[in-house]
Amino acid sequence: MSLSLQSSPSSFLSSTLPKLRLGFANGCPSSSLLFKFNASFPAIRASSGFSSSLDTGLRTELDAVSTFSEIVPDTVIFDDFEKFPPTAATVSSSLLLGILSLPDTIFRNAVDMALADSTCSRLDNPELRLACFFNKALVNVGGDLAKLVPGRVSTEVDARLAYDTHGIIRRVHDLLKLYNEIDVPPERLLFKIPSTWQGIEASRLLESEGIQTHLTFVYSFAQAAAAAQAGASVIQIFVGRVRDWARNHSGDPEIEAAIQRGEDPGLGLVTKAYNYIHKYGHKSKLMAAAVRNKQDLFSLLGVDYIIAPLKILQSLKESITAPDEKYSYIRRLSPQSAANHDFTAEELTKWDQLSLASAMGPASMQLLAAGLEGYVNQANRVEELLDKIWPPPNV
């Protein structure tokens with residue numbers, strides 16, 4: 001992993017936040033920038049920098065598309081807060097890795113205080129002690145983020161628990177207890193869980209307790225439908241990753257069927273999942289991630305959230321449209337269109353572990369495994385770094 005750093009005050013948050021620009025290389029699953037606020041839910045609008053255009057009846061493409069979906073910045077550096085202010089945040093092993101690599105970040109004290117926690121320090125078992133430090137660091141950073149943004153903070157649940165329903169639930173309860181100790185209420189929190197069957201079942205049980213969950217690594221309709229049946233608060237589908245798999249592989253029945261219908265398999269999966277959620281009254285919100293270009297975004301208008309890279313947001317923001325311009329800002333996904341979608345009897349099944357395993361093709365299996373491997377590697381690396389610097393100096 002290579003990092004580059006520039007440091008100076010940030011005008012948006014006065015002197016509170018330094019200017020940080022961090023780049024991750026070598027195929028890191030959470031590539032691009034450290035302070036990323038994906039899986040967060042701001043409604044993006046054009047800044048006052050375009051007031052003259054707005055005053056004359058013109059608006060930006062960003063304004064136009066934001067009337068259909070909430071547009072979420074994929075990654076945000078502090079310099080971009082003025083243009084794309086995030087209202088929510090994600091805390092993850094990727095974020096902790098960046099903090100541990102840069103001792104001068106505003107979040108480093110949160111990690112140092114985690115390493116000074118007496119409850120964790122008293123644990124004799126090294127593995128339990130590191131896990132305790134890890135959880136405490138996630139929550140301390142999450143607590144700091146909750147002070148900076150008005151919306152929800154999504155906290156990554158350890159991917160090493162991805163196939164352990166009760167382990168996931170215990171971990172979420174542990175994290176909730178730690179958040180309660182620093183006065184962050186449950187309604188400000190989401191818990192990001194991989195969409196294995198065990199993760200989906202954990203989501204169902206946690207949602208029944210009123211705990212909000214965010215299911216990620218969804219690459220098939222079966223996963224999306226099972227997640228909706230579980231009542232997950234947010235379901236995240238990776239459009240570009242599905243498309244990339246289809247371009248380089250074959251043999252997945254769901255993807256091949258989409259291609260035969262003339263559909264992009266990633267966009268088609270989001271559309272089908274949206275239609276299912278809305279036609280059958282599920283409460284889940286759908287998030288489209290790994291959006292690669294403006295055409296992807298236009299094709300998804302109407303979905304609850306679209307995660308867009310900064311280069312797309314900037315392009316949308318710089319494009320001005322007149323009120324009478326015949327541009328095709330059309331809502332592609334809507335409850336009305338969802339009501340007209342026909343599903344097969346197999347798609348309307350009550351999903352369980354066996355039916356989910358049978359329905360997931362090679363694309364979703366391989367992409368899920370790759371995502372989990374990346375998250376596990378990051379978590380292991382965080383614990384290695386925590387072990388090296390414990391106990392921290394000057395605490």
Roughly how far, to the nearest 0.5 Å, is the [atom2] atom of [Y] from the [atom1] atom of [X]?
X	Y	atom1	atom2	answer
Leu386	Leu100	CG	CG	5.5 Å
Met287	Ile307	CE	CD1	4.5 Å
Thr165	Ile193	OG1	CD1	9.5 Å
Phe68	Leu300	CZ	CG	13.0 Å
Asp158	Gln378	CG	CD	11.5 Å
Arg188	Leu145	CZ	CG	10.0 Å

Out of Ile211, Asp164, Leu206, which residue meets the side chain to side chain contact (heavy atoms under 4.5 Å, CB included) rule with Ile169? Leu206
Enclosure of [X] [atom1] (heavy-atom neighbours >12, cutoff 6.0 Å):
X	atom1	result
His166	NE2	no
Lys279	NZ	yes
Glu127	CD	no

Polar contact flag, side-chain donor to acceptor under 3.5 angstrom, [X]-[Y]:
X	Y	result
Ser233	Gln212	no
Asp63	Thr60	yes
His214	Gln236	yes
Thr213	Glu207	yes
His173	Glu209	yes
Ser355	Ser358	no
Gln314	Glu318	yes
Glu254	Ser220	no
Thr155	Tyr179	yes

Answer yes or no: is there an ion pair linking [X] with [Y], defined by an N-O contact shorter than 4.0 Å?
X	Y	answer
Glu347	Lys272	yes
Arg170	Asp174	no
Asp183	Lys147	no

So, the side chain of [X] versus the backbone of [Y]: is there a donor-acceptor pair under 3.5 Å, distance only?
X	Y	value
Arg243	Asp264	no
Ser66	Leu62	yes
Gln223	Tyr219	yes
Asp296	Val291	no
Arg331	Leu333	yes
Ser337	Ser334	yes
Arg171	Leu161	no
Asn140	Ala110	yes
Trp390	Leu115	yes
Asn248	Asp244	yes

Start with the C-alpha gap between Ser203 and Phe191, add the side-chain angles, then the distance that decides, and say whether side chain to side chain contact (heavy atoms under 4.5 Å, CB included) holds. CA-CA 9 Å; Ser203 172; Phe191 293 95; over 6 Å; no
For the residue pair [X] and [Y], establish whether any side-chain heavy-atom pair is separated by less than 4.5 Å.
X	Y	answer
Leu138	Phe134	yes
Leu130	Val382	no
Glu256	Arg261	no
Leu178	Asn135	yes
Tyr163	Pro194	no

Taking all non-hydrogen atoms of both residues, which atom of [X] and which atom of [Y] are closest, and how far apart?
X	Y	value
Ser284	Ile277	O-CG2, 3.4 Å
Leu356	Ala226	CD1-CB, 4.4 Å
Leu286	Tyr274	CD2-N, 3.5 Å
Tyr375	Ala159	CB-CB, 3.5 Å
Ile200	Ala230	O-CB, 3.6 Å
Leu372	Ala162	CD2-CB, 3.7 Å

Trace of the side chain to side chain donor-acceptor pair (under 3.5 Å) decision for Ser315 with Lys294: CA-CA 8 Å; Ser315 176; Lys294 283 167 61 170; 3.3 Å; yes
The salt bridge (charged side-chain N to carboxylate O under 4.0 Å, His left out) partner of Glu383 among Lys388, Arg160, Arg129 is Arg160
When clusters are formed by joining ILVMFWY residues with side-chain heavy atoms under 4.5 Å apart, either directly or through shared neighbours, do [X] and [Y] land in the same one?
X	Y	result
Tyr280	Val270	yes
Leu128	Val157	no
Leu123	Phe133	no
Leu297	Leu310	yes
Leu95	Val376	no

Could you go through Ile106 and Asp144, starting from their C-alpha distance and side-chain angles, then the distance that decides it, and tell me whether this counts as side chain to side chain contact (heavy atoms under 4.5 Å, CB included)? CA-CA 9 Å; Ile106 60 170; Asp144 283 353; over 6 Å; no
Are Glu156 and Ser93 close enough, and set up right, to give a side chain to side chain donor-acceptor pair (under 3.5 Å), and what steps lead you there? CA-CA 7 Å; Glu156 177 186 301; Ser93 53; 2.9 Å; yes
Dump the intermediate steps for side chain to side chain contact (heavy atoms under 4.5 Å, CB included) on Phe217 and Leu367, then the final yes or no. CA-CA 8 Å; Phe217 295 150; Leu367 289 168; over 6 Å; no
Can we call the ring centroids of His341 and Tyr276 under 6.0 Å apart?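 No - the distance between ring centres of His341 and Tyr276 does not fall below the 6.0 Å cut-off.
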Please determine whether side chain to side chain contact (heavy atoms under 4.5 Å, CB included) holds for the pair Glu384 and Arg381, giving the CA-CA distance in whole Å, both sets of side-chain angles, and the decisive distance to 0.1 Å. CA-CA 5 Å; Glu384 290 173 5; Arg381 180 60 179 153; 3.3 Å; yes
